[in-house]
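Reviewing the structure listed below.
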Amino acid sequence: MKASPATTLEQFKQDFPVILPIRVAWGEMDAFQHVNNVSYIRYFESARITYMEAMKMEADIKVSPVGPILGDVYCRYRRPVTYPDTLHVGTKISELHEFGFIMEYQAFSEKQQTVTTLGHCKIVMIDYRTNQKVPVEGEMLDKILKLQPELK
């Protein structure tokens, strides 16, 4: 279930177990003088990696051949963002599935004091040796539930 956008930074911080502050760079703006759409996919990627680090997920397929792969990504632009600003990109798993999960993102603008961007993606767990999807279970599921016990 997707969270409604927070109306304050304090509420936003309560809604997401992992939040990554990202300073908007001047070079991320486009000819229309707002942050280019491609930048948000990069912000989401950075937030996704931060979430995985918070889970203590191995990033070395030699150590752990089972890992996440991005199935799709969606972004909804609610308000334009301009330099200078800092976005707080919140990340959480909103749905657990047999072979993966839905990860939700929101970007809260310090300058505008509101959520400017919403997103989500589908993550599929695969065995990189066989390229076959594998269930979310065992240690992986334990790591998710430790970070987000409300998913039980």
Side-chain angles (χ1 to χ4, degrees), residues 1-61 64 66-126 128 131 133-134 136 140-141 143-152:
M1 185 169 166
K2 308 265 185 310
S4 298
T7 55
T8 66
L9 185 55
E10 292 74 30
Q11 179 191 356
F12 182 80
K13 289 179 178 181
Q14 292 174 3
D15 290 345
F16 290 92
V18 176
I19 297 174
L20 176 65
I22 298 175
R23 288 184 51 136
V24 172
W26 173 260
E28 293 170 328
M29 295 201 322
D30 61 20
F32 299 106
Q33 298 303 302
H34 60 261
V35 173
N36 186 273
N37 61 306
V38 172
S39 295
Y40 294 95
I41 301 304
R42 289 187 187 120
Y43 298 160
F44 293 168
E45 176 185 53
S46 294
R48 183 169 57 252
I49 298 305
T50 300
Y51 187 99
M52 300 295 179
E53 289 170 347
M55 283 177 45
K56 302 196 182 332
M57 179 184 279
E58 279 295 332
D60 183 353
I61 63 172
S64 178
V66 172
I69 192 163
L70 185 65
D72 66 26
V73 65
Y74 167 84
C75 188
R76 177 171 174 246
Y77 310 99
R78 296 179 73 223
R79 298 175 66 122
V81 173
T82 58
Y83 174 88
D85 201 348
T86 297
L87 296 176
H88 297 268
V89 182
T91 309
K92 68 180 175 181
I93 293 175
S94 58
E95 297 175 28
L96 275 173
H97 297 248
E98 182 180 5
F99 297 105
F101 46 87
I102 304 298
M103 188 166 267
E104 180 181 348
Y105 310 103
Q106 290 187 17
F108 189 97
S109 162
E110 279 188 10
K111 187 182 198 176
Q112 298 180 50
Q113 287 296 296
T114 192
V115 172
T116 61
T117 317
L118 306 170
H120 63 266
C121 71
K122 181 178 183 177
I123 300 290
V124 178
M125 298 303 294
I126 67 161
Y128 288 104
N131 285 326
K133 62 185 178 180
V134 297
V136 177
M140 172 60 63
L141 182 57
K143 288 178 178 184
I144 292 169
L145 295 177
K146 184 175 181 181
L147 193 56
Q148 288 191 249
E150 71 277 8
L151 291 172
K152 288 183 184 179

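Heavy atoms only: backbone and side chains are in, while hydrogens, waters and symmetry mates are out.
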- Query: Could you walk me through whether Gln11 and Phe108 pass the side-chain contact (heavy atoms from CB on, under 4.5 Å) check?
  - Reply: CA-CA 11 Å; Gln11 179 191 356; Phe108 189 97; over 6 Å; no

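- When all heavy atoms of Ile123 and Arg48 are compared, the closest pair comes out as CD1-CD, 3.5 Å.
- No side-chain donor-acceptor contact under 3.5 Å links Arg78 to the backbone of Leu118.
- Looking at Phe101 and Leu151, their side chains never come closer than 4.5 Å, going by heavy atoms from C-beta outward.
- Between the side chain of Gln113 and the main chain of Glu110, a donor-acceptor pair closer than 3.5 Å is present.
- Leu147 contributes atom CG, which lies 4.0 Å from atom OH of Tyr51 (distance to the nearest 0.5 angstrom).
- Taking the side chain as every heavy atom from C-beta outward, Leu141 and Leu96 approach each other to under 4.5 Å.
- In this structure, NE2 in His120 is found 6.0 Å from CG in Asp72, a value given to the nearest 0.5 Å.
- Other residues, nucleotides and ligands contribute over 12 non-hydrogen atoms within 6.0 Å of the NZ atom of Lys143.
- Between Phe32 and His34, the ring-plane angle classifies as parallel under the 30° and 60° cut-offs.
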- Task: Given side-chain contact (heavy atoms from CB on, under 4.5 Å), test Tyr105 with Lys92 step by step and report yes or no.
- Result: CA-CA 7 Å; Tyr105 310 103; Lys92 68 180 175 181; over 6 Å; no

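- In this structure, Asp85 contributes its side chain and Lys111 its backbone to a donor-acceptor pair below 3.5 Å.
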